[in-house]
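What follows is a single structure, written as structure tokens, with notes after it.
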Amino acid sequence: MERDYFNPQSHLQELGGSDYEIVDGQPNIKGWTVKNQQGQTIGEVEELIFDTNSRKVRYMVVDLEGSVLDLEPRDVLVPIGMAQLHDSDDDVILPSVTVEQFRALPTYEKGHFGREVEDSVRNVFGSLGAAAAGAAAAVTGAAHNVADAVTGDHDHDRDRDYYNNDLYSDQAFRQRRTPSAEGDKTIPIIEENLEIEKREVEKGGVHVSSRIVEQPVEEHVRLREERVVVERNPVNRPATDADLNSFKEGEIELTEHAEVPVVNKEARVVEEVSLEKDVEERDEVIKETVRSTEVDVDRLDDTSDRDRLDADRDRLSPNRNRDGGLDNDNSTRI
């Protein structure tokens, strides 16, 4: 009977509940939203599946949501190489995965890993999965023979060939916005500049309003009035020719006149009120404090100091892999 070199119980494991954790400086994408290239929500990263031999993440367990893309709500495995991380948001982008591929993926059941499941997942993703499967199959027979004849970590080598393709590349995690703890460190030199500008403010003013007031006045004026006075004086003399000529019927009329006061009012400008502003300029001294960064560089030539720094670095990040994989201590870091 042909021996299956792949032992899922010893090679693949869920990160949750294990003795492993994510390496400092690397993003833990569990709980992040999974979206396609158009920004539509596909689901959420429910769990990570890693290889205990190489200490690398191999798969994401994606909890599909059916509301947007009409997908069946279920858990599926997506190779980690299909993922890209958003530059600023906590989103996992799957730019090249289609709705049809999600529907074709087998349902993942917790703790069930095997060659058949992995091959099914790889075949869904087309050329990448097919090329990788072909390369792995080419070395399977020879690897089996060697494993039967020689003791050693041959399963690890075969697994490495199986996962040595773009489907399982973790390059996207190495380009995450959070820098690695072992990367270069930069101290920004900041200097404040004092800039003085001027703006106008209200300090007061003058308000002028006008109103109409009334006051009584008195003036004395002399008025003339005519009155007709009729007097009758008794006489006794002979009538003259003039008297005889006027001795006939007639009428005499005399009109009386009187002066009455006529009041006229004339408006005259007696004063003008004008408003203008006098402008004065003054010099003022502005006192302020500006800050700048000063850097003191001390060269550490003493061997004891260098050893102390190396010890501190090891204590902060124990047994870290150079390739950004998993660390292993009491609580192994991934």
Quiz item: Are Arg268 and Glu266 within salt-bridge range, i.e. N to O under 4.0 Å?
Solution: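 Answer for the salt bridge query: yes.
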Quiz item: Can Arg282 and Glu280 be counted as an ion pair, charged N to O under 4.0 angstrom?
Solution: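 No, this pair does not count.
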Using the rule that Ile, Leu, Val, Met, Phe, Trp and Tyr join whenever any side-chain heavy atoms are under 4.5 Å apart, tell me whether [X] and [Y] fall into a single cluster.
X	Y	result
Leu94	Tyr59	yes
Ile42	Trp32	yes
Ile29	Ile93	no
Val273	Val270	no

Would you say the side chain of [Y] lies within less than 4.5 Å of the side chain of [X], judging by non-hydrogen atoms?
X	Y	answer
Val45	Val61	no
Arg103	Leu71	yes
Asp90	Thr33	no
Asp75	Thr107	no
Phe50	Gln13	yes
Leu15	Val57	no
Asn193	Glu191	yes
Tyr168	Lys56	no

Within the distance-only criterion (no hydrogens, no angle test), does the side chain of [X] pair as donor or acceptor with the backbone N or O of [Y] below 3.5 angstrom?
X	Y	result
Thr293	Ile189	no
Glu192	Val290	no
Glu259	Arg224	yes

Quiz prompt | Worked verdict on Val99 versus Asp70 for side chain to side chain contact (heavy atoms under 4.5 Å, CB included) | solution = CA-CA 9 Å; Val99 176; Asp70 194 24; over 6 Å; no
Exercise. Take Ile252 and Leu254 through the test side chain to side chain contact (heavy atoms under 4.5 Å, CB included) and record every step on the way to the result.
Key: CA-CA 7 Å; Ile252 298 176; Leu254 188 62; 5.8 Å; no
Check this for me: [X], atom [atom1], are more than 12 non-hydrogen atoms of other residues, nucleotides or ligands nearer than 6.0 Å?
X	atom1	value
Glu116	CD	no
Asp241	CG	no
Ile286	CD1	yes
Gln40	CD	yes
Ile196	CD1	yes

Measuring from atom [atom1] of [X] to atom [atom2] of [Y], what distance do you get when rounded to the nearest 0.5 angstrom?
X	Y	atom1	atom2	answer
Gln84	Lys35	CD	NZ	14.5 Å
Leu64	Thr41	CG	OG1	12.0 Å
Arg74	Leu105	CZ	CG	6.5 Å
Asp91	Glu44	CG	CD	11.0 Å
Leu167	Arg122	CG	CZ	6.5 Å
Tyr108	Glu14	OH	CD	3.5 Å

Heavy-atom closest contact ([X] atom, [Y] atom, distance):
X	Y	answer
Gly16	Lys30	CA-NZ, 3.8 Å
Pro27	Leu85	CG-CD1, 3.6 Å
Glu65	Gly43	CG-CA, 3.9 Å
Leu244	Ala239	CD2-CB, 4.3 Å
Tyr163	Glu118	OH-OE2, 2.9 Å
Ala258	Glu225	CB-CG, 3.4 Å

Quiz prompt | Sole residue of Val124, Asn36, Val78 in side chain to side chain contact (heavy atoms under 4.5 Å, CB included) with Phe102 | solution =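 Going through Val124, Asn36, Val78 one by one, the side chain to side chain contact (heavy atoms under 4.5 Å, CB included) with Phe102 is satisfied by Val78 alone.
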Quiz prompt | Short side-chain donor-acceptor distance under 3.5 Å, Asp243 and Thr240 | solution =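 A pair is found: one side chain offers a donor N or O, the other an acceptor, under 3.5 Å apart.
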